Every structure is written in structure tokens, then in C-alpha cells.
Amino acid sequence: MIAFVVNSGSSSIKWELLDVDSGERMRGGIVERIGENGVDHAGAMRVILEELGGGHPDVIGHRVVHGGSRFTTATIVTDEVERAIEELSALAPLHNPANLLGIRAAREAFPGVPNVAVFDTAFHQSIGPAAYTYAIDSAVAEEHGVRRYGFHGTSYQFVSARAAELLGRPLDELRLIVLHLGNGASACAIDGGRSVDTSMGLTPLEGLVMGTRSGDIDAGILFHLGRAGYSLADLDALLNRRSGLTGLAGGNDMRDVLAGVDAGDAASILAFDVYVHRLRRYIGAYLATLGGVDAIVFTAGVGENAARVREAALAGMEWAGIRLDGERNAVRGTTVVSADDSPVAVLVVPTNEELEIARQAAALV
Ligand SMILES: Nc1ncnc2c1ncn2[C@@H]1O[C@H](COP(=O)(O)OP(=O)(O)O)[C@@H](O)[C@H]1O
Ligand SMILES: CC(=O)OP(=O)(O)O
Ligand SMILES: [Mg+2]
């Protein structure tokens, strides 16, 4: 079965044509910098459909970032599902409208081919109320859908299954902490294959320090800056685009931060330390949540490539049975990076959201 996958983000659209049975990627590409140079999502989709040519996929899979409480699994797109995704745009204004545009363009270009929405939030619908409830007025929360939803779920699903394969143990017996460290970054506690807690919340802003997003802050900072004259749009731009590594070190790329650390640049050193401190705090929290852990898994751009981030994140955690092997950790592409005598395994597992989307889409048709 041939799947066409559209992974539409706030500033880029990645696409792939792949053979679901073999997992082989046939063709693919990325349109970046949407919003700049007069390129919009609609224009980007036209370019992609042109590059794809006339070939007819059997199924089309779409990454949809916010599925709210309604979508607990991948869903075939109907007009009614489109409307529901549109209604959820208020909770993910940077992502859902772009996802919807991709869906509409694909439905129009390939009449008769089923479209499947695969939600970032779906995997986290197993999280219980103690972890997903914010301690605010419950009537307000109810009226506005304010609760923790969590994101990167498609990545967590793919990576946790691969981790179980690598460990040679059934997923339903494993306690995993998975760290998805890309430009957007989050952590997830997975018990027996089910998400039990995650660091992102109502929106993809909460939790870890990211490329341009602050992660956790005191909400009082918003009032403080609001009283100083910042508008809602100013605050949104500050926390989503001018914070995280960008805010502290002047750029969102961990490679540049590491180069700055090597050059002795004080801002880069602080950015690295803040990033790692937050990461360690979440690892500690999830050790407590899970009652111990069988494996810690690193994935996405930073997690897969930055040996120094992995080393700093787990340094001095021998007390918890976590022992990294320095040589293994330094080798690119190695999958097990813990020492043979480490009670907790540490793994590097490259994520593949496109393949997971294709598989889930194919399974529905
Ligand atoms: N060799 C590397 N060392 C450190 N960080 C890296 C390396 N390669 C990529 N990265 C980081 O990975 C980030 C992108 O991760 P990725 O998972 O592709 O993010 P996204 O899908 O959110 O765009 C880059 O911003 C960069 O900071
Ligand atoms: C949900 C989210 O943060 O996605 P990304 O990492 O692609 O920005
Ligand atoms: Mg990503």
C-alpha cells in the first residue's frame, strides 16, 4: 500500500510518499520558511502536489497537532471531522489551520482517496485526571477546554515500540521515559505502552526548554509584563518565538549553543545549563511517577545527535541505576548507550513520525 504523508507545521510542510508494507520512503521533501517571502501554506501545498505529480496514493495521512479530548485515535477525515479540527484551532492557532489546509488541498487533489488525520494528542488520552488537570477554577477550565493534552504522541508511539524491540521485551511490561528533543521538545512517562504523564500541556508551550519556546514559567510573569504594557500578541511572540535557546543564547539550534559553550560564551553556557537543568527535573519527576524505570530513550534532532546533552542530562544518576557508557554515547547512531552493568537501559532511537502516520493511516483503510 502506498501512502502520501503530509506533516504540516507552523513554518514548514514535510511530505513523503512511502510503501507502508516495506517502510521504504519512495520520495519526499520539505517546504520551509512558510510565512516569509510571500510563501503561505496554500502555496506550499500547491508546490508539493506538483512535485508529487500524477501518481495516486492508496491513502493520505496527515499530522494534526491538536485533537482535543475528542480524538483518541487516528480518524478517517469526513466533512464533520474537518469541522471538529477547525473548532480545535483556538487551542493550536499555529498548527491546526495549517493542518486543515493540507487536508483540504489533498481531498481536492485526490478525490476518492481516503484521508486520515493522525493526532499528536491522541496517544496522551490515556493520562489520568490527576496529571491532566490544572488546579484552576473547574468551571472556567470546563467551559474553555483548559486541561493538559500533550503533544508529539505519534513520535512517542513509534519510539516506544522500537525501544521494546531493541530491548527484546514486551512493551506492556516496560516503564519508559522518552525525551523528544527537537526544535519543539517534550518528555513522556510511558507505563506498559500507555502515556501516563507528559510535559506539554494545553498547548505545545509548557514543559522543557525548546528552540524558541520557554517551557515552564511562573504564570505571574505574564501579569507582570502585561502591567508593564505587553499585549497578548507581544506575550505570545515572546514565549513562543523569542524564548528558549533563542531567548537565552540568540539562536534556536543546539549545535550553535554547543559551539558557544566550547568558545566560552557565557550566554551559551547559561542556555545549556538551563536546558539541562529542566530536563533533569522532568527525568526525576517521571522516575517518581513510574516508580522506577526500565529505559530512558532519547529521540529527535537534539536527542539523537547531541551526546553532550545526553551525558549532562544523566550525569550523577548512578543512585537511580542509570549508568551511561561514555564511548557508546559518543558514537553516532549507536542505539544502546548505557553500560552493560547499568540496571536502567539508555537508548537512542531515531523517530519517524511520517512512517508512524503512514502505518496508522493504512491500518484504517
Ligand atoms: N548534531 C547535532 N548536535 C546537536 N543538535 C542537533 C544536531 N543535529 C540537529 N540538532 C538539533 O535538532 C534540532 C531539530 O530537531 P528536529 O527533531 O528536526 O526538530 P523539528 O522536527 O521540531 O523541526 C535543531 O534545531 C538542532 O538544534
Ligand atoms: C507540537 C510541537 O511542538 O511540534 P513541533 O516539535 O513540530 O514544533
Ligand atoms: Mg518534529
Side-chain angles (χ1 to χ4, degrees), residues 5-16 28 30-34 62-68 88 91-96 98-99 118-124 148-156 158-159 178-188 198-215 239-241 243-246 248-262 268 271-272 275-276 279 298-313 329-333 348-357:
V5 174
V6 182
N7 180 347
S8 182
S10 51
S11 67
S12 73
I13 305 181
K14 294 181 205 164
W15 66 276
E16 255 184 45
I30 180 167
V31 181
E32 289 177 287
R33 298 178 177 282
I34 294 174
H62 299 266
R63 179 187 187 203
V64 178
V65 164
H66 220 308
L88 287 161
L91 295 178
L94 295 180
H95 290 96
N96 273 36
N99 303 151
V118 181
F119 299 93
D120 258 46
T121 45
F123 182 65
H124 300 297
R148 173 172 291 108
Y149 293 98
F151 300 88
H152 294 135
T154 308
S155 175
Y156 288 126
F158 178 86
V159 166
V178 184
L179 305 165
H180 177 111
L181 311 177
N183 192 32
S186 69
C188 189
T198 194
S199 59
M200 283 179 168
L202 174 74
T203 75
L205 179 56
E206 192 179 351
L208 299 177
V209 176
M210 313 186 206
T212 65
R213 292 169 240 169
S214 62
L239 296 187
N240 276 305
R241 285 197 276 274
S243 293
L245 297 179
T246 295
L248 293 174
N252 70 318
D253 198 307
M254 182 57 83
R255 284 167 289 204
D256 297 333
V257 174
L258 292 172
V261 170
D262 289 339
S268 299
F272 181 81
Y275 186 99
V276 168
L279 198 49
F298 288 88
T299 193
V302 175
E304 291 164 27
N305 297 300
R308 286 155 72 186
V309 170
R310 296 194 295 264
E311 188 188 346
N329 189 43
V331 177
R332 184 71 57 89
V348 176
V349 176
T351 192
N352 192 340
E353 288 164 298
E354 285 74 22
L355 179 55
E356 182 65 31
I357 289 170

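Values below: every heavy atom of this structure, side chains too, minus hydrogens, waters and symmetry copies. Every number for a ligand or one of its atoms is a count from 1 in the order of the listing. Residue indices begin at 1 and follow the sequence shown. This one's a predicted model, so the numbers in the text were calculated from it and none came from an experiment.
- The aromatic rings of His66 and Phe151 lie perpendicular to each other, with more than 60° between the two planes, well past the 30° mark.
- Between Met254 and ligand 1, a contact under 3.5 Å exists for at least one N or O pair.
- The single protein non-hydrogen atom nearest to atom 26 (C) of ligand 1 is Asp253 OD1, 3.3 Å, given as residue, atom name and distance.
- Put simply, the side chain of His152 reaches to within 4.5 Å of the side chain of Asp120, judged on heavy atoms.
- Tyr156 places a side-chain heavy atom less than 4.5 Å from the side chain of Thr198.
- Distance from atom 19 (O) of ligand 1 to its nearest protein heavy atom, with residue and atom name: Asn183 N, 3.1 Å.
- Residue contact annotation: His180 has no non-hydrogen atom under 4.0 Å from ligand 2.
- If you look at Lys14 next to ligand 1, the close heavy atoms, those under 4.0 Å, all belong to the side chain.
- Annotation: side chain of Leu279 is in contact with side chain of Leu181 (closest heavy-atom distance under 4.5 Å).
- For the ring pair (Phe, Tyr, Trp, His ring centres under 6.0 Å) test, no residue two or more places apart in sequence or in another chain qualifies with Phe158.
- The protein non-hydrogen atom at the shortest distance from atom 4 (O) of ligand 2 is Arg63 NH2, 3.1 Å.
- Between Glu353 and Lys14, none of the side-chain N atoms (NZ, or NE/NH1/NH2) sits under 4.0 Å from a carboxylate O, so this pair counts as no salt bridge.
- Between Thr203 and Arg213, every side-chain heavy-atom pair lies at or beyond the 4.5 Å cut-off.
- Applying the 4.0 Å criterion to heavy atoms of Ala300 picks out, from ligand 1, the atoms 17 (O).
- The shortest side-chain heavy-atom distance between Leu245 and Met254 falls under the 4.5 Å cut-off.
- At least one side-chain heavy atom of Glu304 sits less than 4.5 Å from a side-chain heavy atom of Thr351.
- Atom 21 (O) of ligand 1 lies below 4.0 Å from at least one non-hydrogen atom of the protein.
- Protein heavy atom at the shortest distance from atom 17 (O) of ligand 1 is Gly301 N, 2.9 Å.
- Closest approach of Gly182 and Ala300 over heavy atoms only: N-CB, 3.6 Å.
- The closest approach between Gly211 and ligand 1 stays at or above 4.0 Å for every heavy atom of the residue.
- Distance from atom 6 (O) of ligand 2 to its nearest protein heavy atom, with residue and atom name: His152 NE2, 2.8 Å.
- In terms of protein heavy atoms, atom 3 (N) of ligand 1 is closest to Arg255 CG, 3.4 Å.
- Remark: among candidates Asn7, Thr212, Val302, the nearest residue to atom 11 (C) of ligand 1 is Val302, based on non-hydrogen atoms.
- If you look at Asn183 next to ligand 2, there are no close heavy atoms at all, none under 4.0 Å.
- Below 4.0 Å from some heavy atom of Ala306 lie the following atoms of ligand 1, by number and element: 4 (C).
- Asn305 CB, 3.3 Å is the protein heavy atom nearest to atom 1 (N) of ligand 1.
- Under 4.0 angstrom from ligand 2, the non-hydrogen atoms of Arg213 all belong to its side chain.
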